[in-house]
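Heavy atoms only: backbone and side chains are in, while hydrogens, waters and symmetry mates are out.
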Amino acid sequence: MNKTQTQLPTDTWITATWQEYIQTIEDPSYEKAKSYYNQGKLRIEMSPLGFKHGRDHAVIITAINVFAGIKSINLTCIDNCTYRKTGLREAQPDISYYIGENADVIPQETSIIELDIYPPPNLVIEVANTSLADDKGEKRLLYEAMNVAEYWIIDVQNVEVIAFAIANGGSQRINQSQVLPGLAISFLEEVLQRTRQENQIPIYTWLLSQFQ
């Protein structure tokens, strides 16, 4: 990466040192951007999110939270948080969860979650409208390296949930969540399908009836 470059290309991975990455994300031009770093590469995302991304983002959070509430599963949902392994990697997933015994592991006043101090989240979710190839590729490698337990991709265009269990530095597709026992990935896809046909209140009412 050219240190004198004033405007970096966005939505793509660029070779950079950790110091160059930190300099970039401290630039006010990228204040509202999402940023990622892994294995000597950075990515800045400036793409507009839009209605579809925001809708699926909200509905997935609600579906998970309702399921956990009905099943008495302790969790903490975090929206657009920064996870950092200083000098090595950083991620700002759309949605992340600490679940079960880890639900209260992060102190309330924490800003950036330092992975040298705290465990990684149990579940990380990226909502992919225009970033699907990267979410399935480089970001999956990043979350494998972070040792999250599960990684889900919400494919907005195809109304699909692509879920991976992560272990031993690799990942494998799953049809049932392991961190939220009893939650089928196909059920979440049905929830998303319903958002294409009706507003959210009847969907949430239906959710309650399915989980009880």
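Connection of Leu88 to Ile112 is not established within any shared hydrophobic cluster, with ILVMFWY side chains joined at heavy-atom distances below 4.5 Å, either directly or through further cluster members. Linking Ile, Leu, Val, Met, Phe, Trp and Tyr residues whenever their side-chain heavy atoms come within less than 4.5 Å places Val156 and Leu192 in a single cluster. Ile99 and Leu115 are members of different hydrophobic clusters when ILVMFWY side chains are connected at heavy-atom separations under 4.5 Å. Note on Ile154: it does not cluster hydrophobically with Tyr36, by side-chain heavy-atom contacts below 4.5 Å among ILVMFWY residues. Placement of Trp18 and Tyr83 in two distinct hydrophobic clusters is found when ILVMFWY residues are connected by side-chain heavy-atom separations under 4.5 Å, directly or transitively.
In the model, Ser35 has no side-chain atom that pairs as donor or acceptor with a side-chain atom of Tyr30 under 3.5 Å. Side-chain contact of Trp13 with Asp134: a donor-acceptor pair under 3.5 Å is present, judged by distance alone. A side-chain donor from one of Asn65 and Tyr97 sits under 3.5 Å from a side-chain acceptor of the other. A donor atom on one side chain and an acceptor atom on the other are found under 3.5 Å apart for Glu90 and Tyr21.
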Distance-only check: which donor-acceptor pairs under 3.5 Å involve side-chain atoms of residues 141-148, not counting sequence neighbours?
unit_1: Tyr143; atom_1: OH; unit_2: Glu126; atom_2: OE2; d: 2.7
unit_1: Glu144; atom_1: OE2; unit_2: Arg140; atom_2: NH1; d: 3.2
unit_1: Glu144; atom_1: OE2; unit_2: Ser171; atom_2: N; d: 3.4
unit_1: Glu144; atom_1: OE2; unit_2: Ser171; atom_2: OG; d: 2.5

Donor-acceptor contacts under 3.5 Å from residues 177-191 side chains, at least two apart:
unit_1: Ser177; atom_1: OG; unit_2: Glu150; atom_2: OE1; d: 3.1
unit_1: Ser177; atom_1: OG; unit_2: Glu150; atom_2: OE2; d: 3.4
unit_1: Ser177; atom_1: OG; unit_2: Val179; atom_2: N; d: 3.4
unit_1: Ser177; atom_1: OG; unit_2: Leu180; atom_2: N; d: 3.0
unit_1: Glu189; atom_1: OE2; unit_2: Val161; atom_2: N; d: 2.9

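Within a 6.0 Å radius of CD in Glu31, no more than 12 heavy atoms belonging to other residues, nucleotides or ligands are found. Annotation for Glu114: atom CD counts as buried by contact number, over 12 foreign heavy atoms lying within 6.0 Å. Other residues, nucleotides and ligands contribute more than 12 heavy atoms inside 6.0 Å of the CD atom of Gln197. By the neighbour-count criterion of 12 heavy atoms within 6.0 Å, atom CG of Asn175 is sparsely surrounded, having that number or fewer from other residues, nucleotides or ligands.
Taking a cutoff of 4.0 Å between a charged side-chain nitrogen and a carboxylate oxygen, Asp56 and Arg196 qualify as a salt bridge. Salt bridge annotation for Lys34-Asp94: present, with a cationic side-chain nitrogen under 4.0 angstrom from a carboxylate oxygen. The residues Glu138 and Lys41 are annotated as salt-bridged, a charged nitrogen and a carboxylate oxygen being separated by less than 4.0 angstrom.
In this structure, CG on Asp27 lies 7.5 Å from OG1 on Thr24, to the nearest 0.5 angstrom. Taken from CD1 in Ile162 to CG in Leu132, the straight-line distance is 5.0 Å, to the nearest 0.5 Å. Taken from OG1 in Thr15 to CG in Leu42, the straight-line distance is 8.5 Å, to the nearest 0.5 Å.
Without hydrogens or angle criteria, His53 side chain to Val127 main chain gives a donor-acceptor distance under 3.5 Å. Within the 3.5 Å criterion, the main-chain N or O of Ala16 finds a donor-acceptor partner in the side chain of Tyr37. A donor-acceptor pair under 3.5 Å is formed between the side chain of Asn199 and the backbone N or O of Ile201. Distance alone, capped at 3.5 Å, is enough to place a donor-acceptor pair between the Glu20 side chain and the Thr17 backbone. Within the 3.5 Å criterion, the main-chain N or O of Trp206 finds a donor-acceptor partner in the side chain of Ser209. Under a 3.5 Å cut-off, the side chain of Tyr98 and the backbone N or O of Leu123 do not form any donor-acceptor pair. Within the 3.5 Å criterion, the main-chain N or O of Asp11 finds a donor-acceptor partner in the side chain of Arg43. Not a single donor-acceptor pair under 3.5 Å links the side chain of Asn168 to the backbone N or O of Gly170.
For the pair Ser96 and Ile125, the minimum side-chain heavy-atom distance is 4.5 Å or more. Within the 4.5 Å cutoff, no side-chain heavy atoms of Ile78 are placed close to those of Ile95. Looking at Gln92 and Glu45, their side chains never come closer than 4.5 Å, going by heavy atoms from C-beta outward. Taking 4.5 Å as the limit, some side-chain heavy atom of Met46 sits within range of a side-chain heavy atom of Ile44. At a threshold of 4.5 Å between non-hydrogen side-chain atoms, the residues Ile153 and Phe164 count as touching. In this structure the side chain of Val159 never reaches within 4.5 angstrom of the side chain of Asp155, judged on heavy atoms.
Under the side-chain contact (heavy atoms from CB on, under 4.5 Å) rule, Thr12 has a single partner from Thr10, Ile14, Leu8, which is Ile14. Screening Gln157, Lys52, His57 against Asn129 for a side-chain hydrogen bond (donor to acceptor under 3.5 Å, both in side chains) leaves a single residue, Gln157.
Contact detail for Cys81 and Ser111: the closest heavy-atom pair is SG-O, 4.2 Å.
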>> Between Tyr118 and Asn102, is the side chain to side chain contact (heavy atoms under 4.5 Å, CB included) condition met? List the steps.
In response: CA-CA 10 Å; Tyr118 303 109; Asn102 283 347; over 6 Å; no
